[in-house]
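Labels below follow one simple rule: chain letters A, B, ... track the order of the sequence lines, proteins then strands, and each chain is numbered from 1. What's counted below: heavy atoms across the whole structure, side chains too, no hydrogens, waters or symmetry copies. Because the structure is predicted, anything quoted here is derived from the model rather than measured.
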There are 2 protein chains.
Amino acid sequence: MSESVVLDPVDLDILRLLQNDARTTYRDLAAEVGVAASTCLDRVARLRRAGVILGHQLRLDPAKLGRGLQALLMVQVRPHRRELVGPFVERIRALPESRSVFHLTGPDDYLVHVAVSDTADLQRLVLDEFTSRREVARVETRLIFQQWDCGPLLPPAAG
Amino acid sequence: MSESVVLDPVDLDILRLLQNDARTTYRDLAAEVGVAASTCLDRVARLRRAGVILGHQLRLDPAKLGRGLQALLMVQVRPHRRELVGPFVERIRALPESRSVFHLTGPDDYLVHVAVSDTADLQRLVLDEFTSRREVARVETRLIFQQWDCGPLLPPAAG
DNA sequence: GCTGAAACGACCCGGCT
DNA sequence: AGCCGGGTCGTTTCAGC
């Protein structure tokens, strides 16, 4: 499923540029990477088919949508068995406050990134949707002061 | 900076659809939400100007790029002063392995989401880029088994 | 906010290296 | 095979209503 794909420098340039702005036209792309526009089209289609490109996503500002407070919830689910954690994850994913969910190694089984209106909203979320659940053994809440996104995700230098 | 913006049901529908596929054409968008294509264009431009829409991003599969292992690093930076943490964050952001960085409340000051090739690569990253730094007091590494993205980020129901 | 028309970009195809 | 160039068609975009 996740076999590595052979990517030449042109592919990497294309990905690098599209990571900055996924709406860059093939014409501009072509001018930057030094091939014809139609070739860019072919390359992108190939990367899409190969599963390297998963999709185009809109990045929104949570604060502008009335969700100015973000937090990470570290959750222990006990007992940690498939028939319990499957429904748990699906319930959490369906919450409008959830942004992403991680299943982790370590003492905390899950980490949930949430965006809420304020601390009262956060308290409600934690109490009603997490600690009230029988399978949730423990929740630790960490507020997010600030978040940074990092440079484009690209393969190791060695190729 | 992050004042809330007035969004009517048409704006919300547009955001909801674009979150699913940011490449939906204005023509299709218009048909779905029940306004003219040019109106959709105006709405999106307005949402962009208002800062609700931050940008269009390509979602890539880290595994396909030779980064099949992801982890969260919880980092204590001591002393936790501006002149130390500013450069620390910038250095971490510049690493090709970094995906995002969070400044948090709680015992761990920073959480860093990284994507690496394998455990050897992760060990190298932790030893060379984190624990070897004087300002890094402690690093706790949690592997990511699985990650889920959640539904579209939208305002609280009350509107 | 809609309509229609002009400009623009995406995309397909046939030939070329 | 992969790359290019042009032609066609759909989309975006803007002026006027």
Side-chain angles (χ1 to χ4, degrees), chain A residues 1-61 64-66 152-159, chain B residues 3-61 63-66 152-155 159:
Chain A
M1 165 203 160
S2 45
E3 268 171 44
S4 221
V5 180
V6 184
L7 299 168
D8 69 13
V10 173
D11 291 321
L12 296 181
D13 277 348
I14 289 173
L15 291 177
R16 197 151 17 226
L17 290 163
L18 286 180
Q19 283 254 305
N20 292 338
D21 179 8
R23 293 203 314 176
T24 308
T25 65
Y26 289 112
R27 187 182 148 280
D28 292 348
L29 220 52
E32 289 270 0
V33 307
V35 298
S38 56
T39 304
C40 280
L41 190 75
D42 288 345
R43 296 299 191 108
V44 171
R46 186 175 141 270
L47 291 169
R48 231 168 207 294
R49 255 182 285 113
V52 176
I53 295 174
L54 295 174
H56 292 247
Q57 208 176 20
L58 211 61
R59 294 196 329 113
L60 301 181
D61 183 349
K64 290 287 169 60
L65 295 168
L153 179 69
L154 288 174
Chain B
E3 269 171 43
S4 222
V5 180
V6 184
L7 299 169
D8 70 13
V10 173
D11 291 322
L12 295 182
D13 277 347
I14 289 173
L15 291 176
R16 196 148 22 222
L17 289 163
L18 286 180
Q19 282 256 303
N20 292 338
D21 178 8
R23 293 205 312 177
T24 308
T25 65
Y26 290 114
R27 189 179 149 277
D28 292 349
L29 221 52
E32 288 271 359
V33 307
V35 298
S38 59
T39 305
C40 280
L41 187 76
D42 288 344
R43 295 299 192 108
V44 171
R46 186 175 141 270
L47 291 170
R48 232 168 203 296
R49 252 182 287 112
V52 176
I53 294 174
L54 295 173
H56 292 247
Q57 210 176 16
L58 211 61
R59 294 197 326 114
L60 301 181
D61 184 348
K64 290 285 169 62
L65 294 169
L153 180 69
L154 288 174

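Remark: B:Asp11 engages B:Leu7, B:Asp8, B:Arg43, B:Arg46, B:Leu47 in a side chain to side chain contact (heavy atoms under 4.5 Å, CB included) (not counting sequence neighbours).
Distance check, rounded to the nearest 0.5 Å: CZ of B:Arg59 to CD1 of A:Ile53 gives 11.5 Å. If you take OH on A:Tyr26 and CG on A:Leu41, they are separated by 5.0 Å, rounding to the nearest 0.5 Å. Of the inter-residue distances, the one linking B:Thr24 atom OG1 with A:His56 atom NE2 reads 11.0 Å to the nearest 0.5 angstrom. Distance check, rounded to the nearest 0.5 Å: CD of A:Glu32 to CG of A:Leu29 gives 8.0 Å.
Of the candidate nucleotides C:dG1, C:dC2, D:dC4, D:dC4 has the atom lying nearest to any side-chain atom of A:Ala36.
Between A:Leu58 and B:Leu18, the closest side-chain pair of non-hydrogen atoms falls below 4.5 Å.
Among the heavy atoms of the strands, none lies under 4.0 Å from A:Arg46.
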Requested in this report: Give the B/S/- string for nucleotides 10-17 of chain D, one per nucleotide from 5' to 3', where a protein heavy atom under 4.0 Å of the base yields B, of only the sugar-phosphate yields S, and otherwise -.
Outcome: -SSSB---
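Going from atom CD1 of A:Ile14 over to atom P of C:dA10 covers 13 Å, rounded to whole Å. Between the CG atom of A:Asp8 and the P atom of D:dG2 there is a distance of 10 Å, rounded to whole Å.
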